[in-house]
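Following: one structure in C-alpha coordinates, then a few remarks.
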Amino acid sequence: MNPPLKNDRFLRALRREPVDTTPVWVMRQAGRYLPEYRATRERAGSFMGLAQNPEFACEVTLQPLQRFDLDAAILFSDILTIPDAMGLGLSFAQGEGPQFAHPLRSATDIARLAVPDMDGELRYVMDAVRLIRRELAGRVPLIGFAGSPWTLACYMVEGSGSRDFATLKAMCWNEPALAHQLLDVLACSVSAYLAAQAAAGAQALMVFDTWGGLLGPAPFREFSLRYMAQIVAALKNDAHARELPVILFSKGANAHLAEMADSGCAALGVDWTVDLADARRAVGGKVALQGNLDPAILRAGPEVIRREARAVLDSYGPHPGHVFNLGHGITPEVDPGHVRVLVDEVHTYGRALRGA
Ligand code: CP3
(Lines give C-alpha, C1' and ligand atoms only; values in the text may rest on other atoms or scores of the structure.)
Protein backbone atom coordinates (compact mmCIF):
# COMPACT_ATOMS: atom_id res chain seq x y z
CA MET A 1 0.00 0.00 0.00
CA ASN A 2 1.24 3.48 -0.84
CA PRO A 3 0.95 6.23 1.80
CA PRO A 4 -1.56 9.10 1.35
CA LEU A 5 -0.49 12.16 -0.68
CA LYS A 6 1.03 15.03 1.29
CA ASN A 7 0.82 17.51 -1.61
CA ASP A 8 -2.21 17.18 -3.88
CA ARG A 9 -2.13 20.68 -5.43
CA PHE A 10 -1.34 19.29 -8.86
CA LEU A 11 -4.23 16.79 -8.83
CA ARG A 12 -6.62 19.38 -7.40
CA ALA A 13 -5.70 21.87 -10.13
CA LEU A 14 -6.29 19.19 -12.78
CA ARG A 15 -9.75 18.66 -11.29
CA ARG A 16 -10.25 22.47 -11.36
CA GLU A 17 -10.65 22.58 -7.56
CA PRO A 18 -9.37 25.48 -5.43
CA VAL A 19 -5.71 25.38 -4.39
CA ASP A 20 -3.56 27.46 -1.99
CA THR A 21 -1.14 28.29 -4.78
CA THR A 22 -0.45 27.31 -8.38
CA PRO A 23 1.19 23.90 -8.73
CA VAL A 24 4.31 23.74 -10.90
CA TRP A 25 6.44 21.09 -12.58
CA VAL A 26 8.77 21.33 -15.55
CA MET A 27 8.75 19.20 -18.70
CA ARG A 28 12.06 17.27 -18.85
CA GLN A 29 12.73 18.26 -15.24
CA ALA A 30 15.04 15.24 -14.95
CA GLY A 31 17.57 15.97 -17.66
CA ARG A 32 20.95 17.15 -18.82
CA TYR A 33 20.78 20.64 -17.23
CA LEU A 34 21.33 18.83 -13.88
CA PRO A 35 24.94 17.74 -13.17
CA GLU A 36 23.65 14.86 -11.01
CA TYR A 37 21.61 13.61 -14.01
CA ARG A 38 24.72 13.69 -16.21
CA ALA A 39 26.62 11.74 -13.54
CA THR A 40 23.96 8.99 -13.31
CA ARG A 41 23.73 8.81 -17.11
CA GLU A 42 27.51 8.35 -17.20
CA ARG A 43 27.23 5.43 -14.76
CA ALA A 44 24.40 3.92 -16.82
CA GLY A 45 26.49 4.12 -20.00
CA SER A 46 23.69 5.28 -22.30
CA PHE A 47 20.26 6.87 -22.27
CA MET A 48 18.55 3.50 -22.75
CA GLY A 49 20.78 1.97 -20.07
CA LEU A 50 19.41 4.66 -17.76
CA ALA A 51 15.77 4.32 -18.79
CA GLN A 52 15.74 0.50 -18.72
CA ASN A 53 17.20 0.18 -15.23
CA PRO A 54 14.43 0.87 -12.66
CA GLU A 55 16.92 1.91 -9.92
CA PHE A 56 18.61 4.46 -12.20
CA ALA A 57 15.26 5.64 -13.58
CA CYS A 58 13.99 6.14 -10.02
CA GLU A 59 17.15 7.97 -8.98
CA VAL A 60 16.95 10.52 -11.80
CA THR A 61 13.18 10.96 -11.42
CA LEU A 62 13.75 12.09 -7.83
CA GLN A 63 16.79 14.33 -8.49
CA PRO A 64 14.86 17.50 -9.44
CA LEU A 65 12.59 17.04 -6.40
CA GLN A 66 15.60 17.08 -4.10
CA ARG A 67 16.57 20.49 -5.46
CA PHE A 68 13.27 22.24 -6.13
CA ASP A 69 9.84 22.54 -4.50
CA LEU A 70 8.08 20.86 -7.43
CA ASP A 71 4.44 19.72 -7.13
CA ALA A 72 4.71 16.59 -9.30
CA ALA A 73 7.22 13.97 -10.35
CA ILE A 74 7.28 12.55 -13.87
CA LEU A 75 8.42 9.04 -14.63
CA PHE A 76 11.87 9.07 -16.18
CA SER A 77 11.54 7.27 -19.50
CA ASP A 78 10.95 8.23 -23.11
CA ILE A 79 8.03 8.23 -25.51
CA LEU A 80 10.00 5.97 -27.87
CA THR A 81 9.98 2.93 -25.51
CA ILE A 82 6.89 1.62 -27.35
CA PRO A 83 8.47 1.52 -30.84
CA ASP A 84 11.61 0.06 -29.25
CA ALA A 85 9.50 -2.71 -27.67
CA MET A 86 7.90 -3.29 -31.09
CA GLY A 87 11.35 -4.22 -32.39
CA LEU A 88 12.54 -1.01 -34.08
CA GLY A 89 15.81 -0.88 -32.12
CA LEU A 90 16.07 2.53 -30.42
CA SER A 91 19.37 4.22 -29.62
CA PHE A 92 20.53 7.74 -28.69
CA ALA A 93 24.03 8.85 -29.54
CA GLN A 94 25.39 11.22 -26.85
CA GLY A 95 24.02 14.69 -27.48
CA GLU A 96 22.04 13.57 -30.53
CA GLY A 97 18.46 12.68 -31.23
CA PRO A 98 16.83 9.25 -31.37
CA GLN A 99 17.70 6.72 -34.05
CA PHE A 100 15.88 3.52 -35.05
CA ALA A 101 17.91 0.59 -36.44
CA HIS A 102 14.78 -0.76 -38.18
CA PRO A 103 12.45 2.08 -39.23
CA LEU A 104 9.15 1.19 -40.93
CA ARG A 105 9.80 0.98 -44.66
CA SER A 106 6.90 -1.07 -46.10
CA ALA A 107 3.33 -2.23 -45.63
CA THR A 108 4.78 -5.58 -44.48
CA ASP A 109 6.77 -3.80 -41.71
CA ILE A 110 3.54 -2.16 -40.52
CA ALA A 111 1.46 -5.37 -40.76
CA ARG A 112 4.00 -7.10 -38.51
CA LEU A 113 3.57 -4.61 -35.63
CA ALA A 114 1.82 -5.88 -32.51
CA VAL A 115 0.89 -4.34 -29.16
CA PRO A 116 3.93 -4.96 -26.91
CA ASP A 117 3.63 -7.02 -23.73
CA MET A 118 3.41 -4.72 -20.70
CA ASP A 119 4.71 -7.54 -18.48
CA GLY A 120 7.37 -8.50 -21.04
CA GLU A 121 9.29 -6.02 -23.19
CA LEU A 122 7.91 -3.04 -21.25
CA ARG A 123 8.05 -4.52 -17.77
CA TYR A 124 11.05 -2.30 -16.91
CA VAL A 125 8.80 0.77 -17.23
CA MET A 126 6.19 -0.67 -14.83
CA ASP A 127 8.95 -1.72 -12.40
CA ALA A 128 10.26 1.86 -12.46
CA VAL A 129 6.75 3.25 -11.78
CA ARG A 130 6.31 0.90 -8.79
CA LEU A 131 9.72 1.78 -7.37
CA ILE A 132 9.31 5.55 -7.85
CA ARG A 133 5.87 5.49 -6.23
CA ARG A 134 7.35 3.70 -3.22
CA GLU A 135 10.34 6.06 -2.95
CA LEU A 136 8.15 9.17 -3.32
CA ALA A 137 6.35 8.05 -0.17
CA GLY A 138 3.38 10.32 -0.92
CA ARG A 139 5.41 13.50 -1.25
CA VAL A 140 3.94 14.53 -4.63
CA PRO A 141 1.94 12.68 -7.30
CA LEU A 142 3.66 10.69 -10.05
CA ILE A 143 2.87 11.42 -13.70
CA GLY A 144 3.01 8.55 -16.20
CA PHE A 145 3.23 9.36 -19.89
CA ALA A 146 3.36 8.17 -23.48
CA GLY A 147 3.77 9.66 -26.94
CA SER A 148 0.70 10.22 -29.11
CA PRO A 149 0.20 7.75 -31.96
CA TRP A 150 0.88 10.53 -34.50
CA THR A 151 4.16 11.59 -32.86
CA LEU A 152 5.35 7.98 -32.42
CA ALA A 153 4.52 7.26 -36.07
CA CYS A 154 6.54 10.34 -37.12
CA TYR A 155 9.72 8.83 -35.65
CA MET A 156 8.95 5.22 -36.64
CA VAL A 157 8.50 6.03 -40.32
CA GLU A 158 11.28 8.63 -40.51
CA GLY A 159 13.74 6.52 -38.47
CA SER A 160 15.04 9.59 -36.61
CA GLY A 161 14.18 13.18 -35.79
CA SER A 162 13.23 15.53 -38.63
CA ARG A 163 12.11 19.10 -39.18
CA ASP A 164 8.96 18.22 -41.07
CA PHE A 165 8.48 14.40 -40.84
CA ALA A 166 7.59 14.48 -44.53
CA THR A 167 7.81 10.67 -44.90
CA LEU A 168 4.79 10.04 -42.67
CA LYS A 169 2.93 13.01 -44.16
CA ALA A 170 3.45 11.57 -47.64
CA MET A 171 2.02 8.25 -46.40
CA CYS A 172 -1.07 10.06 -45.11
CA TRP A 173 -1.76 11.41 -48.62
CA ASN A 174 -0.59 8.43 -50.70
CA GLU A 175 -1.67 5.49 -48.56
CA PRO A 176 -4.11 6.77 -45.93
CA ALA A 177 -5.34 3.26 -45.07
CA LEU A 178 -1.80 2.19 -44.23
CA ALA A 179 -1.25 5.30 -42.09
CA HIS A 180 -4.48 4.52 -40.21
CA GLN A 181 -3.40 0.91 -39.72
CA LEU A 182 -0.18 2.13 -38.11
CA LEU A 183 -1.93 4.78 -35.97
CA ASP A 184 -4.49 2.24 -34.81
CA VAL A 185 -1.94 -0.30 -33.52
CA LEU A 186 -0.16 2.59 -31.82
CA ALA A 187 -3.38 3.85 -30.18
CA CYS A 188 -4.02 0.32 -28.82
CA SER A 189 -0.42 0.12 -27.60
CA VAL A 190 -0.48 3.55 -25.92
CA SER A 191 -3.83 2.75 -24.24
CA ALA A 192 -2.45 -0.51 -22.84
CA TYR A 193 0.82 1.18 -21.84
CA LEU A 194 -0.89 4.02 -19.93
CA ALA A 195 -3.34 1.59 -18.29
CA ALA A 196 -0.38 -0.53 -17.14
CA GLN A 197 1.34 2.58 -15.73
CA ALA A 198 -1.88 3.40 -13.86
CA ALA A 199 -2.00 -0.14 -12.45
CA ALA A 200 1.65 0.20 -11.39
CA GLY A 201 0.93 3.45 -9.50
CA ALA A 202 0.94 6.46 -11.82
CA GLN A 203 -1.47 9.14 -10.51
CA ALA A 204 -1.93 11.25 -13.66
CA LEU A 205 -1.26 10.47 -17.32
CA MET A 206 0.10 12.74 -20.04
CA VAL A 207 0.15 12.21 -23.81
CA PHE A 208 2.93 14.08 -25.66
CA ASP A 209 1.91 15.00 -29.21
CA THR A 210 5.04 16.97 -30.01
CA TRP A 211 4.45 16.98 -33.77
CA GLY A 212 0.65 17.41 -33.97
CA GLY A 213 1.26 21.05 -34.94
CA LEU A 214 2.79 19.94 -38.25
CA LEU A 215 -0.72 19.10 -39.47
CA GLY A 216 -3.40 21.35 -40.92
CA PRO A 217 -6.82 21.43 -39.21
CA ALA A 218 -8.52 18.53 -41.02
CA PRO A 219 -5.46 16.20 -40.99
CA PHE A 220 -4.86 17.06 -37.32
CA ARG A 221 -8.38 15.85 -36.55
CA GLU A 222 -8.02 12.74 -38.73
CA PHE A 223 -4.49 11.59 -37.92
CA SER A 224 -3.72 12.99 -34.46
CA LEU A 225 -6.69 14.06 -32.32
CA ARG A 226 -8.90 11.12 -33.29
CA TYR A 227 -6.35 8.64 -31.90
CA MET A 228 -5.73 10.63 -28.73
CA ALA A 229 -9.50 10.68 -28.15
CA GLN A 230 -9.53 6.91 -28.71
CA ILE A 231 -6.89 6.55 -25.97
CA VAL A 232 -8.82 8.76 -23.53
CA ALA A 233 -11.96 6.68 -24.16
CA ALA A 234 -10.06 3.40 -23.66
CA LEU A 235 -8.63 4.68 -20.35
CA LYS A 236 -12.13 5.61 -19.15
CA ASN A 237 -13.01 1.92 -19.54
CA ASP A 238 -10.00 0.72 -17.57
CA ALA A 239 -10.39 -0.21 -13.91
CA HIS A 240 -7.09 1.43 -12.84
CA ALA A 241 -6.94 4.40 -15.20
CA ARG A 242 -10.59 5.54 -15.17
CA GLU A 243 -10.11 7.86 -12.17
CA LEU A 244 -6.84 9.38 -13.38
CA PRO A 245 -6.70 12.80 -15.06
CA VAL A 246 -5.32 12.70 -18.60
CA ILE A 247 -3.36 15.67 -19.99
CA LEU A 248 -3.08 16.04 -23.77
CA PHE A 249 -0.25 18.18 -25.11
CA SER A 250 -0.17 18.92 -28.83
CA LYS A 251 2.65 21.35 -29.43
CA GLY A 252 1.94 24.05 -31.98
CA ALA A 253 -1.73 23.09 -32.12
CA ASN A 254 -3.26 26.01 -30.24
CA ALA A 255 -5.79 26.51 -33.04
CA HIS A 256 -7.33 23.16 -32.01
CA LEU A 257 -7.75 23.70 -28.26
CA ALA A 258 -11.56 23.90 -28.37
CA GLU A 259 -11.85 20.58 -30.21
CA MET A 260 -9.26 18.94 -28.00
CA ALA A 261 -11.21 20.03 -24.91
CA ASP A 262 -14.08 17.81 -26.11
CA SER A 263 -11.91 14.67 -26.12
CA GLY A 264 -12.77 13.74 -22.52
CA CYS A 265 -9.31 14.68 -21.19
CA ALA A 266 -8.90 16.57 -17.88
CA ALA A 267 -6.35 19.09 -19.10
CA LEU A 268 -4.54 20.45 -22.13
CA GLY A 269 -0.89 21.38 -22.29
CA VAL A 270 -0.23 24.63 -24.13
CA ASP A 271 2.95 26.03 -25.66
CA TRP A 272 4.01 29.69 -25.28
CA THR A 273 2.58 30.93 -28.60
CA VAL A 274 -0.86 31.50 -27.09
CA ASP A 275 -1.94 33.76 -24.25
CA LEU A 276 -3.46 31.66 -21.44
CA ALA A 277 -6.42 34.05 -21.22
CA ASP A 278 -7.25 33.25 -24.85
CA ALA A 279 -6.64 29.53 -24.33
CA ARG A 280 -8.97 29.61 -21.33
CA ARG A 281 -11.70 31.24 -23.40
CA ALA A 282 -11.15 28.67 -26.16
CA VAL A 283 -11.71 25.70 -23.84
CA GLY A 284 -14.65 27.35 -22.07
CA GLY A 285 -13.92 25.94 -18.61
CA LYS A 286 -14.20 22.33 -19.81
CA VAL A 287 -10.61 21.41 -18.94
CA ALA A 288 -7.63 22.62 -16.91
CA LEU A 289 -4.61 24.14 -18.69
CA GLN A 290 -0.95 23.34 -18.21
CA GLY A 291 1.79 25.74 -19.34
CA ASN A 292 3.12 27.91 -20.82
CA LEU A 293 6.38 29.80 -20.20
CA ASP A 294 8.78 29.90 -23.15
CA PRO A 295 11.68 27.62 -22.06
CA ALA A 296 14.13 30.14 -23.57
CA ILE A 297 13.19 32.58 -20.77
CA LEU A 298 15.17 30.36 -18.36
CA ARG A 299 18.30 31.63 -20.14
CA ALA A 300 17.49 35.17 -18.94
CA GLY A 301 18.37 36.56 -15.51
CA PRO A 302 16.32 36.01 -12.31
CA GLU A 303 14.43 39.32 -12.56
CA VAL A 304 13.22 38.54 -16.08
CA ILE A 305 12.28 34.98 -15.07
CA ARG A 306 10.21 36.27 -12.13
CA ARG A 307 8.48 38.92 -14.25
CA GLU A 308 7.64 36.50 -17.05
CA ALA A 309 6.40 33.85 -14.58
CA ARG A 310 4.06 36.45 -13.09
CA ALA A 311 2.87 37.38 -16.58
CA VAL A 312 1.91 33.74 -17.23
CA LEU A 313 0.12 33.51 -13.86
CA ASP A 314 -1.70 36.82 -14.51
CA SER A 315 -2.80 35.69 -17.96
CA TYR A 316 -4.57 32.68 -16.43
CA GLY A 317 -5.79 34.69 -13.44
CA PRO A 318 -7.00 33.40 -10.05
CA HIS A 319 -9.40 30.88 -11.61
CA PRO A 320 -9.12 27.20 -10.73
CA GLY A 321 -7.50 24.83 -13.21
CA HIS A 322 -3.97 26.08 -13.89
CA VAL A 323 -0.85 23.94 -13.66
CA PHE A 324 2.25 26.02 -14.29
CA ASN A 325 4.83 24.52 -16.65
CA LEU A 326 7.07 25.48 -19.52
CA GLY A 327 5.57 25.41 -23.01
CA HIS A 328 8.08 22.69 -23.97
CA GLY A 329 10.96 20.80 -22.36
CA ILE A 330 13.77 22.50 -20.44
CA THR A 331 17.00 22.69 -22.46
CA PRO A 332 20.44 21.40 -21.37
CA GLU A 333 22.22 24.75 -21.00
CA VAL A 334 19.80 26.15 -18.37
CA ASP A 335 21.33 27.09 -14.99
CA PRO A 336 19.58 24.91 -12.34
CA GLY A 337 19.50 27.99 -10.07
CA HIS A 338 17.12 29.59 -12.56
CA VAL A 339 14.67 26.72 -12.11
CA ARG A 340 14.61 27.39 -8.37
CA VAL A 341 13.86 31.08 -9.05
CA LEU A 342 10.98 30.04 -11.31
CA VAL A 343 9.43 27.45 -8.98
CA ASP A 344 9.61 29.72 -5.94
CA GLU A 345 8.15 32.69 -7.81
CA VAL A 346 5.22 30.60 -9.08
CA HIS A 347 4.38 29.54 -5.52
CA THR A 348 4.82 33.01 -4.01
CA TYR A 349 2.92 34.90 -6.69
CA GLY A 350 0.33 32.12 -7.03
CA ARG A 351 -0.51 32.69 -3.35
CA ALA A 352 -0.68 36.47 -3.77
CA LEU A 353 -2.92 36.04 -6.81
CA ARG A 354 -5.43 34.19 -4.64
CA GLY A 355 -5.27 36.89 -1.98
CA ALA A 356 -3.77 34.47 0.58
O1 CP3 B 1 10.00 15.15 -18.46
C2 CP3 B 1 10.75 14.35 -17.87
O3 CP3 B 1 11.61 14.68 -17.04
C4 CP3 B 1 10.55 12.85 -18.14
C5 CP3 B 1 11.39 12.27 -19.12
C6 CP3 B 1 11.15 12.44 -20.61
C7 CP3 B 1 12.19 12.23 -21.53
N8 CP3 B 1 11.66 12.29 -22.80
C9 CP3 B 1 13.60 11.97 -21.18
C10 CP3 B 1 14.64 12.25 -22.18
C11 CP3 B 1 9.97 12.69 -21.34
C12 CP3 B 1 8.58 13.03 -20.85
C13 CP3 B 1 10.33 12.57 -22.72
C14 CP3 B 1 9.35 12.72 -23.82
C15 CP3 B 1 9.82 12.79 -25.21
N16 CP3 B 1 10.84 12.08 -25.79
C17 CP3 B 1 9.20 13.55 -26.22
C18 CP3 B 1 7.95 14.39 -26.05
C19 CP3 B 1 8.21 15.66 -25.37
C20 CP3 B 1 9.06 16.62 -26.17
O21 CP3 B 1 10.13 16.97 -25.67
O22 CP3 B 1 8.61 17.03 -27.24
C23 CP3 B 1 9.90 13.33 -27.42
C24 CP3 B 1 9.61 13.96 -28.77
C25 CP3 B 1 10.94 12.40 -27.13
C26 CP3 B 1 11.92 11.81 -28.08
C27 CP3 B 1 13.28 12.19 -27.71
N28 CP3 B 1 13.96 11.68 -26.62
C29 CP3 B 1 14.14 13.10 -28.38
C30 CP3 B 1 13.78 13.88 -29.61
C31 CP3 B 1 15.34 13.12 -27.66
C32 CP3 B 1 16.59 13.83 -28.04
C33 CP3 B 1 16.49 15.29 -27.80
C34 CP3 B 1 17.09 15.64 -26.47
O35 CP3 B 1 16.52 16.44 -25.74
O36 CP3 B 1 18.21 15.14 -26.24
C37 CP3 B 1 15.19 12.26 -26.54
C38 CP3 B 1 16.18 11.97 -25.49
C39 CP3 B 1 15.81 12.24 -24.08
N40 CP3 B 1 14.63 11.86 -23.50
C41 CP3 B 1 16.62 12.88 -23.11
C42 CP3 B 1 15.89 12.90 -21.92
C43 CP3 B 1 16.33 13.43 -20.59
C44 CP3 B 1 18.04 13.38 -23.33
C45 CP3 B 1 18.91 12.17 -23.59
C46 CP3 B 1 20.25 12.18 -22.93
O47 CP3 B 1 20.36 12.07 -21.70
O48 CP3 B 1 21.20 12.25 -23.72
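All values below were derived from every heavy atom in this structure, side-chain atoms included, with hydrogens, water molecules and symmetry-related copies excluded. Since this is a predicted model, take the numbers as computed values, not measurements. Along the sequence shown, the residues carry numbers beginning at 1. Both counts, for ligands and for their atoms, begin at 1 and track the order of listing.
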>> Could you check whether Arg43 pairs with Glu59 (Lys NZ or Arg NE/NH1/NH2 to Asp/Glu carboxylate O, under 4.0 Å)?
In response: yes

> For ligand 1, does Lys251 get within less than 4.0 Å through its side chain, its backbone, both, or neither, judged by non-hydrogen atoms?
Replying inline: neither

>> Is there a polar contact, in the sense of an N or O pair closer than 3.5 Å, between Tyr37 and ligand 1?
In response: yes

>> Students should be able to answer this: which protein heavy-atom is nearest to atom 9 (C) of ligand 1, and at what distance?
In response: Ser77 O, 3.2 Å

> In this structure, which one of Val125, Leu122, Leu90 forms a side chain to side chain contact (heavy atoms under 4.5 Å, CB included) with Ile82?
Replying inline: Leu122

> Within 45 degrees of the axis of the six-membered ring of Tyr316 and under 6.0 Å from its centre: does Arg280 put its NZ or CZ there?
Replying inline: yes

> Can you tell me the protein heavy atom closest to atom 4 (C) of ligand 1 and the distance?
Replying inline: Leu75 O, 3.4 Å

> Would one find more than 12 heavy atoms of other residues, nucleotides or ligands at under 6.0 Å from atom CD of Glu17?
Replying inline: yes

> Would you say Tyr155 and ligand 1 have an N/O pair spaced under 3.5 Å apart?
Replying inline: no

>> Could you identify the single nearest non-hydrogen protein atom to atom 28 (N) of ligand 1 and state the distance to 0.1 Å?
In response: Asp78 OD1, 2.7 Å

>> Considering non-hydrogen atoms of the protein only, which is the closest contact for atom 46 (C) of ligand 1, and what is the distance?
In response: Arg41 NE, 3.1 Å

> For atom 45 (C) of ligand 1, what is the nearest protein heavy atom, given as residue, atom name and distance?
Replying inline: Phe47 CD1, 3.5 Å

>> Gly31 versus ligand 1: do any nitrogen or oxygen atoms come within less than 3.5 Å of each other?
In response: no

>> To check your reading of the model: name the closest protein heavy atom to atom 15 (C) of ligand 1, its residue, and the distance in Å.
In response: Arg28 NH2, 3.4 Å

> Taking Gln203 for the side chain and Leu244 for the main chain, is one N or O donor matched with an acceptor at less than 3.5 Å?
Replying inline: no

> Say you draw a straight line from CG of Asp71 to CZ of Arg139; how long is it, rounded to the nearest 0.5 Å?
Replying inline: 10.0 Å

> Same cluster for Leu326 and Val274 if Ile/Leu/Val/Met/Phe/Trp/Tyr side chains link at under 4.5 Å?
Replying inline: yes

